[in-house]
Amino acid sequence: MATLPNRWYNILPDLPKPLPPPRDPESFEEYSRIENLPKLFPAELLDQEISPQRYIEIPDAILEAYKSLGRPTPLIRAKRLEQLLNTPAQIFYKREDTNPTGSHKPNTALPQAYYAYKENSKYLVTETGAGQWGSAVALAASLFGLRCLVFMTRSSYLQKPYRRYLMSIYGAEVLPSPSGRTKPGSELLREDPEHPGSLGIAISEAVETVLGGEGYRYAVGSVMNFTLIHQSVIGLEAVKQMEEEGLTPDVVVACVGGGSNFAGIAFPMLGAKLSSGDFRHTRFVAVESSAAPRMTGGKYCYEFADTAGIMPMLKMYNVGRGYVPPPVHAAGLRYHGLAPAISLLLRERLVEPRAYSQEEAFEAARVFARAEGVLPAPETAHAVRYVIEEAVECRRRGRGEVILLCLSGHGLLDLQSYGEVLKL
Amino acid sequence: MATLPNRWYNILPDLPKPLPPPRDPESFEEYSRIENLPKLFPAELLDQEISPQRYIEIPDAILEAYKSLGRPTPLIRAKRLEQLLNTPAQIFYKREDTNPTGSHKPNTALPQAYYAYKENSKYLVTETGAGQWGSAVALAASLFGLRCLVFMTRSSYLQKPYRRYLMSIYGAEVLPSPSGRTKPGSELLREDPEHPGSLGIAISEAVETVLGGEGYRYAVGSVMNFTLIHQSVIGLEAVKQMEEEGLTPDVVVACVGGGSNFAGIAFPMLGAKLSSGDFRHTRFVAVESSAAPRMTGGKYCYEFADTAGIMPMLKMYNVGRGYVPPPVHAAGLRYHGLAPAISLLLRERLVEPRAYSQEEAFEAARVFARAEGVLPAPETAHAVRYVIEEAVECRRRGRGEVILLCLSGHGLLDLQSYGEVLKL
Amino acid sequence: MLSRSGRVLILYLTVGDPLITTNLIKSLYQSGVDMLEIGLPTAKPKYDGPVVKRSMLRASAHVQGIEEALENASKMTGGGKILFTYYEEALSYGVEELFSRAGGRFYTVLFPDLLIDYPDDLGRYLRLCDKYGFEPAFFVTTGFPHKLVKHLSSLEPAFIYLGLMLSTGVLLPISASRNIRLFRGLVGDVPLIVGFAVRSPEQVGSYVHAGADGVVVGSAFLRVLEEAADEDKRIRRACEFVAGLKKAVENHGNAPE
Amino acid sequence: MLSRSGRVLILYLTVGDPLITTNLIKSLYQSGVDMLEIGLPTAKPKYDGPVVKRSMLRASAHVQGIEEALENASKMTGGGKILFTYYEEALSYGVEELFSRAGGRFYTVLFPDLLIDYPDDLGRYLRLCDKYGFEPAFFVTTGFPHKLVKHLSSLEPAFIYLGLMLSTGVLLPISASRNIRLFRGLVGDVPLIVGFAVRSPEQVGSYVHAGADGVVVGSAFLRVLEEAADEDKRIRRACEFVAGLKKAVENHGNAPE
Ligand SMILES: Cc1ncc(COP(=O)(O)O)c(C=O)c1O
Ligand SMILES: Cc1ncc(COP(=O)(O)O)c(C=O)c1O
């Protein structure tokens with residue numbers, strides 16, 4: 001039976017080349033983003049961020065929280081999808097949607113809240129667009145008795161109230177951003193009281209709040225190495241579960257926003273591929289939205305981690321932090337960059353990139369939902385598209401591949417989007 | 001480790017008194033509802049409905065479907081809730097919300113679809129109010145390759161489109177009821193093209209459709225004994241899981257609409273209490289909405305199973321099929337009756353009744369969500385209320401009870417309701 | 001009169017139904033019917049399907065009240081007789097009154113709703129049976145608690161009558177044979193009679209094969225009567241029908257499952 | 001010059017920084033500094049924190065170009081010297097040109113970005129070291145692949161320099177000692193030098209205790225210089241500071257963890 005791993009996996013020690021570290025801009029600016037890191041994040045997280053340890057012990061309190069929210073998560077064989085596609089491929093999906101907020105985000109929100117709590121912080125602060133990350137943080141904060149402050153872009157705040165309600169129920173204070181709470185927010189609000197906000201503004205407000213007070217910690221949803229480390233529970237469980245099936249995946253697939261769920265499922269196997277003989281023939285496919293084509297249309301260079309330019313720079317595939325993607329519904333894939341470790345592996349051709357449009361993704365999600373019951377989140381739908389194409393390719397070539405998908409979230413709170421795109 | 005049971009439990013053979021059977025009205029009406037049963041339901045379901053077998057084997061195809069949708073479901077210790085309430089009680093909840101539609105309903109929707117499919121039926125037809133049942137049926141139909149027709153009350157169709165979208169994604173045809181598709185529907189529509197509809201009308205339309213064509217089967221969400229039988233997977237799993245904890249529940253709690261989730265968790269233990277020495281001291285508490293006070297304000301007598309009076313009569317606690325409950329958000333608790341087996345056990349004082357208002361329930365749900373992360377469905381929230389009161393009572397009396405709750409569903413698609421009631 | 005070894009065929013009819021004549025009764029007994037289950041017309045046919053309901057409607061027009069019905073019933077001679085009526089009916093008439101009037105005229109009195117709607121009156125029923133010389137007999141449904149069925153069996157009744165379906169005459173697609181087998185196991189040596197929607201020799205064969213000691217045929221028999229144009233045909237068809245069933249009752253050994 | 005047995009104290013400074021005088025250098029070596037890591041001013045201080053950046057700004061105003069900087073550096077005498085500059089800087093100047101000009105004047109040339117941004121130039125670096133008489137030395141971060149660290153160690157470099165933090169001078173709350181222990185295990189017998197935000201004797205003590213063969217102190221040293229009012233005080237404070245660190249380097253056995 002599947003069991004919860006008691007340590008996370010960190011791929012840095014197994015990478016084929018050194019990972020370019022986070023850094024300040026190469027200039028003589030006085031302001032150091034690196035210096036801000038300890039004011040923003042709990043010590044343990046920074047320690048993990050650049051840790052040389054391959055395995056990092058998961059504290060008991062986090063193990064318990066993982067367990068109580070449904071870890072280990074099920075690995076399901078998509079038999080009906082296989083039948084529907086009439087494919088010789090065997091398709092498995094790892095269900096990261098079974099926890100109360102419906103995505104993989106709590107895997108890292110929980111440790112972030114826990115470490116903040118351990119440091120006697122009082123508030124966990126973050127920003128959110130559609131609310132997927134915000135609700136994971138609100139949940140995690142609630143579980144560890146922290147107060148939670150979420151800056152939500154005003155447009156989402158007004159148009160997508162459901163995840164906001166959920167955050168409120170968890171006890172979070174949700175502020176439409178720009179808010180009157182911070183200096184940058186107040187200024188923008190003075191100019192335009194109906195300012196729709198942006199993720200960049202929301203980040204500025206969150207970071208300003210954390211830097212400006214005592215007992216605040218900032219929570220970040222992806223990209224940072226520690227978020228990838230926390231997400232490794234997905235892959236560590238999956239490795240064991242595939243072992244129980246007596247199978248080795250030929251292809252591992254996940255969507256990429258910042259890259260945390262991809263890293264989560266792929267890195268434990270990719271790391272083994274790099275350091276031992278295991279998973280030698282396994283391919284790793286990262287699927288982005290063609291609305292934010294970092295991998296298929298971006299550059300590999302240092303860029304700020306966040307659209308506000310408050311966090312350090314990271315060497316990553318990116319489309320420039322100023323890039324404004326078209327307003328697709330997969331908010332989680334509209335990020336301008338891709339986590340450095342994945343970027344490096346992409347550069348080294350150990351990760352294969354794919355990009356799909358919203359329409360391609362949503363159609364695939366419909367097929368998947370009909371066959372398997374689970375409606376994937378719009379983000380996840382992009383990975384599902386690849387799985388279906390690959391399975392059809394397997395049929396064409398009569399090739400019996402084993403495909404493993406990270407089902408990063410469900411779409412129950414995205415039905416409005418599905419309704420619009422699929423014209424329901 | 002928890003394992004999926006391979007047979008359902010049927011309490012009829014263990015009841016303390018004979019269960020009054022479904023029957024036609026005591027009149028000389030020509031129209032026989034009993035005669036209609038085989039036209040509405042697959043043979044296997046009618047067989048189960050009055051089966052003298054204590055255990056009924058679960059066909060492999062259903063086992064697989066259960067598994068693929070996440071059975072066995074987790075049993076979670078609500079440690080943080082205990083801490084929050086500072087109670088010596090140990091609280092456990094069985095998570096029936098982890099499947100793709102988010103409630104216990106697929107436990108019976110799946111076998112109903114399967115048996116229809118086995119009979120070469122082409123269509124599965126049902127009615128739905130808020131859509132919880134409809135989406136379970138749409139899902140089940142999709143998994144077994146049946147077409148699905150759902151009559152949805154027009155008011156919900158317009159005001160609560162999300163579960164409708166979900167049903168559509170699953171491939172179901174969702175019609176606003178009254179619809180132009182049936183005779184009764186067309187007539188009502190002619191009188192009032194904006195007719196808001198009612199569950200009674202939707203049932204009439206569904207039944208009419210099934211009786212009027214070839215290859216149609218009707219799916220029913222609760223009340224009928226076979227639905228209670230299918231839901232017994234909840235309790236059978238819970239019994240083992242509590243065993244693994246080395247504990248016997250002192251109180252088992254569930255909300256009751258038709259009663260299927262209550263029976264699901266309670267009957268395997270109640271049956272054992274009735275037939276062996278086990279669970280001797282366990283109490284079973286059924287929680288209704290005070291908006292439909294069947295148990296606390298109704299009569300125990302024969303009444304039609306459905307508001308339309310198309311199905312047979314059942315001996316049950318009820319408030320009269322004509323009773324129109326106030327428009328509370330817990331649509332699943334607005335049923336006028338209570339499954340006969342539960343009614344009988346209530347009469348025999350083997351089940352304890354409780355009723356709470358919507359406000360009491362929603363407040364409890366908020367507390368639960370903050371402590372445990374899972375936002376209960378509005379229906380479930382009623383049971384949660386009792387759990388919290390009982391746990392507080394335990395604190396007052398210094399009594400370390402073991403409380404087991406059936407978490408029948410999550411509230412992610414009810415956030416609109418939460419927003420309104422909790423004024424978020 | 002009933003036993004585990006001798007399989008019996010029982011016909012249901014409503015007293016007062018004009019389709020039932022003295023000649024018919026005689027012929028039925030002669031064609032192999034072992035017993036008649038004689039129903040009293042009622043205004044509340046709880047478990048009766050359309051055919052029995054029609055029969056009751058016809059009968060109601062011809063007999064006034066229970067006394068006359070019992071009077072008529074006692075004229076049906078030629079074999080065993082079971083009185084069949086709802087306990088609710090008896091209650092409104094007076095249960096002891098009914099027993100005293102029926103006393104000596106029937107082998108037993110069967111109340112299908114006794115244990116369902118008035119389970120607490122079991123003791124009263126037993127006492128009255130004793131007092132008025134009836135063998136007790138119990139109607140049970142497939143949904144009856146096993147403990148209760150065993151308890152009833154321990155009371156050594158004349159038989160236990162298992163209602164296979166939800167109402168008379170309405171065949172549901174359920175595993176009646178499996179249910180009979182299960183009840184056979186529960187009742188021990190008590191004769192097990194089954195009824196409700198028994199209509200064909202095939203059914204009878206498999207029911208007996210499954211462990212029934214007798215079958216009751218009602219609606220199917222009444223339908224034969226309804227469909228015949230005149231009394232001659234009624235008698236002929238009914239006797240043919242009965243003969244077929246009787247054969248099936250006796251040839252239980254090689255009945256198909 | 002460096003070995004596993006002899007613990008060393010290394011100071012970082014930027015050539016051209018007016019706070020660095022010949023007298024200061026002499027006093028430093030006398031107070032126990034084993035080596036100087038001499039940085040060239042750059043326009044792109046990739047991994048440098050605010051203090052080193054300030055030093056570079058000061059230095060840039062005083063030296064023009066690499067030639068002058070190297071010239072100045074070679075005047076710093078009294079102990080071992082490591083040339084420290086970004087490989088990107090060297091590329092724009094001409095890598096071989098840099099090596100040839102630096103040849104004979106430094107123990108080694110350390111490029112902190114070589115293996116991070118130009119990992120494919122490792123071979124070229126080794127060849128140039130050979131050709132111009134430098135011992136190779138490698139800068140690694142805590143995030144370096146273990147295989148690569150082991151490979152680098154197998155090349156028998158003068159030392160491996162582990163950058164403990166993300167940038168010079170900025171102390172992050174991380175388990176530096178645990179990381180040193182881990183790298184100690186990876187590098188085998190190669191001398192392990194650690195640096196970035198080393199500022200106190202306590203740190204030095206535990207780092208040496210954890211397995212470092214030497215520490216580099218930069219920003220903290222430069223800050224001492226910045227905070228002193230005049231050269232006399234600068235020299236005195238700097239020497240006191242160095243003496244404290246030196247003691248910690250040597251007393252590694254009883255250093256607190
Ligand atoms: C369901 C879901 N999947 C995927 C993502 C993308 O993030 P990441 O690439 O960090 O996994 C998000 C981000 O919001 C998400 O909500
Ligand atoms: C989540 C949930 N719980 C409970 C119920 C009540 O139904 P039952 O009493 O059959 O379990 C419903 C019915 O819609 C429901 O959706």
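Values in this document were obtained by computation on a predicted structure and should not be read as measured data. Because only heavy atoms are used, hydrogens play no part in the values below, and waters and symmetry mates are left out as well, while side chains stay in.
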Seminar exercise, completed: OG (A/Ser417) and OH (B/Tyr165) are apart, to the nearest 0.5 Å, by 10.0 Å
Problem set entry | Option in A/Leu143, A/Thr73, A/Leu424, A/Leu413 with maximal non-hydrogen atom pairs under 4.5 Å from chain B | A/Leu143
Exercise. Can you tell me how far CG of A/Leu375 sits from OG of B/Ser135, rounded to the nearest 0.5 angstrom?
Worked result: 11.5 Å
Exercise. Taking B/Thr98, B/Asn99, B/Val174 one by one, which has the highest count of heavy-atom pairs under 4.5 Å against chain A?
Worked result: B/Thr98
For this session: Anything under 30° is parallel, anything over 60° is perpendicular, the rest tilted; go ahead and classify B/His410 against A/His410.
Result: parallel
For this session: Taking all non-hydrogen atoms of both residues into account, name the closest pair between B/Ser142 and A/Ala371 and its distance.
Result: OG-N, 4.3 Å
For this session: Please flag which part of B/Lys67 lies under 4.5 Å from any non-hydrogen atom of chain A: side chain, backbone, both or neither.
Result: backbone
Seminar exercise, completed: Applying a strict 4.5 Å limit to non-hydrogen atoms, the region of A/Leu139 in contact with chain B is side chain
Seminar exercise, completed: d(B/Leu415 CG, A/Arg163 CZ) to nearest 0.5 Å is 9.5 Å
Problem set entry | Toward chain A, the part of B/Leu422 with a non-hydrogen atom under 4.5 Å | side chain
For this session: Pick one of side chain, backbone, both or neither for A/Ala369, based on which atoms fall under 4.5 Å of a heavy atom in chain B.
Result: both
Seminar exercise, completed: Taking every heavy atom of B/Ala65 against every heavy atom of A/Arg80, the minimum-distance pair comes out as CA-NH1, 4.2 Å
Problem set entry | Residue B/Phe144 versus chain A: region with a heavy atom under 4.5 Å | neither
Exercise. Is it the side chain or the backbone of B/Glu372 that comes within 4.5 Å of chain A heavy atoms, both, or neither?
Worked result: backbone
Exercise. What part of A/Tyr162 is in contact with chain B, defined as an atom under 4.5 angstrom from a non-hydrogen atom: side chain, backbone, both or neither?
Worked result: both
Exercise. To the nearest 0.5 Å, how far apart are CZ in B/Arg366 and OG in A/Ser168?
Worked result: 8.5 Å
Exercise. Side chain, backbone, both or neither: which part of B/Ile76 has an atom under 4.5 Å from a heavy atom of chain A?
Worked result: side chain
